Colleague: 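Before I ask anything, here is the structure I am working with.
Because only heavy atoms are used, hydrogens play no part in the values below, and waters and symmetry mates are left out as well, while side chains stay in. Atoms within each ligand, like the ligands themselves, are counted from 1 in listed order. As the structure is a prediction and not an experimental result, all values here were calculated from the model.
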Amino acid sequence: MIILGIESSCDETAASVVKDGREMLSSVVATQVATHALYGGVVPEIASRAHTEAISGVVTGSLAKAGVSLSDIDAVAVTYAPGLIGALLTGLSFAKGLAYAANKPLVPVHHIRGHVAANYLVHPRLEPPFYALVVSGGHTSLMKVGSYTGYELIGRARDDAAGEAFDKAARMLGLPYPGGAAMDKLASEGDPTSIKFTSATVHGSEYDFSFSGLKTAVINYVHTAEQRGETLDAREKADIAASFTGALIYTIVTRLEKLLTEKEKLPVVLAGGVAANSHLRRAVCDLCAGFGVECFIPPLSLCGDNAAMIASQGYYEFLAGVRAPLDQNAYATLGV
Ligand code: KG4
Ligand code: ZN
């Protein structure tokens with residue numbers, strides 16, 4: 001079965017053709033990062049317009065690269081939630097038009113489930129049940145994936161997502177947007193024990209995450225230095241990056257450790273843009289090794305937003321009978 005996937009929930013316009021949920025025939029991603037970098041973050045209205053301009057070429061390109069035509073496609077899968085509403089509506093409306101015109105079924109896909117499915121494309125052995133940790137610019141979610149379409153939320157970010165905290169901390173250190181990858185490199189040069197940035201817990205919800213306090217601690221640290229008339233040198237910036245990263249990873253890993261200690265031992269899947277972080281990848285794999293459970297992480301190319309992950313999850317949603325009506329709406333927030 002051949003699925004065309006379409007993704008436009010944030011600042012990447014993407015389309016991909018995937019066979020039987022596991023084999024990527026093409027994956028085209030048009031990123032708007034350079035445009036939004038001018039403003040230090042994603043500007044929703046600019047994102048919607050950029051999706052509108054790019055989507056036709058991106059979809060045509062993905063079909064051409066896969067060597068298939070629209071008539072070869074069995075279904076169109078599209079991200080319908082969560083994300084920026086205007087951005088989501090661009091992809092969803094395009095997908096509706098395409099599915100209607102070509103008389104193909106339309107399958108709605110939840111973006112977070114898509115991130116998890118990125119792993120199916122590169123790990124043939126991976127099958128539910130497993131735990132999934134999606135860490136991205138918009139989400140930090142810990143879930144149990146009981147079946148391909150059976151998700152149970154265990155913990156989530158109560159305020160800022162991990163990627164948001166990374167981007168803000170990076171900005172405070174003078175790194176260009178989005179700063180996650182640059183923070184990763186800088187943290188490798190610093191000492192993670194040099195500054196005590198504490199990790200917050202959410203009272204009564206031991207599996208939830210809170211990163212806004214950590215983000216504010218970095219902002220305060222940098223402002224205090226500025227108010228004293230001090231200029232942070234390269235060494236101090238690296239120490240801040242390393243200490244911030246250490247505290248953030250501690251927050252994530254302790255939730256996972258608690259889960260593997262108290263609940264059934266299952267393989268762990270890491271996904272989302274922040275899953276590209278080398279320190280996080282190592283920490284999660286080390287933890288899994290200690291518990292004797294398998295750890296699955298996608299390659300860097302499939303951590304960030306793409307449409308292959310949407311087509312992959314779309315395949316399993318299709319098999320489960322999930323279809324979008326032509327009046328399908330998009331949702332900025334929606335449970336997984
Ligand atoms: O999954 P994604 O592409 O978009 C959302 O669905 O949100 O994630 C983007 C986020 C950004 O915040 C970016 O800074 C972060 O992923 N990121 C990283 C790294 N590479 C990307 N964060 C930490 N370390 C990295 N190496
Ligand atoms: Zn994403």
Colleague: Who gets closest to atom 21 (C) of ligand 1 by heavy atom: Ala118, Ala271, Gly273?
Modeller: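 Nearest heavy atom to atom 21 (C) of ligand 1 lies in Gly273.
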Colleague: Please report whether ligand 1 has a polar contact with Gly137, defined as an N or O pair separated by less than 3.5 Å (distance criterion only).
Modeller: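 In this structure, Gly137 places an N or O atom under 3.5 Å from an N or O of ligand 1.
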Colleague: Only counting residues at least two apart or in another chain, list the ones meeting side chain to side chain contact (heavy atoms under 4.5 Å, CB included) with Ala242.
Modeller: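 So Ala242 forms a side chain to side chain contact (heavy atoms under 4.5 Å, CB included) with Ala187, Pro192.
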Colleague: Looking only at protein heavy atoms, which one is nearest to atom 15 (C) of ligand 1, and what is the separation?
Modeller: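 Of the protein heavy atoms, Val274 CG2, 3.9 Å lies nearest.
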Colleague: Check this for me - ligand 1, Gly138, N or O atoms closer than 3.5 angstrom, yes or no?
Modeller: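 Indeed, backbone or side chain, Gly138 has an N or O that close.
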Colleague: Any N or O of Asp184 that comes nearer than 3.5 Å to an N or O of ligand 1?
Modeller: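 The answer is yes, given that Asp184 and ligand 1 share an N or O pair closer than 3.5 Å.
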Colleague: Which residues satisfy the salt bridge (charged side-chain N to carboxylate O under 4.0 Å, His left out) test with Lys19, sequence neighbours excluded?
Modeller: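 Once residues adjacent in sequence are excluded, Lys19 has no partner under the salt bridge (charged side-chain N to carboxylate O under 4.0 Å, His left out) criterion.
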Colleague: How close do Thr52 and Ser48 get, counting heavy atoms only, and between which atoms?
Modeller: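 Minimum heavy-atom separation between Thr52 and Ser48: OG1-O, 2.8 Å.
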Colleague: Purely on distance, is any nitrogen or oxygen of Gly163 under 3.5 Å from one on ligand 1?
Modeller: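 Gly163 vs ligand 1: N/O contact under 3.5 Å present.
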Colleague: Which atoms of ligand 1 sit under 4.0 Å from any heavy atom of Ala181?
Modeller: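 Near Ala181, the atoms of ligand 1 are 19 (C), 20 (N), 25 (C), 26 (N).
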Colleague: Atom 22 (N) of ligand 1: which protein heavy atom is closest, and how many Å away?
Modeller: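 In this structure, atom 22 (N) of ligand 1 has Gly180 CA, 3.4 Å as its nearest protein heavy atom.
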Colleague: Relative to the Zn ion (ligand 2), how many protein N, O or S atoms have a separation of less than 2.8 Å?
Modeller: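 Total protein N/O/S atoms under 2.8 Å from the Zn ion (ligand 2): 3.
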Colleague: Considering residues at least two apart in sequence or located in another chain, which fulfil the side chain to side chain contact (heavy atoms under 4.5 Å, CB included) criterion with Ala283?
Modeller: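 Here the qualifying residues are Ile249, Val253.
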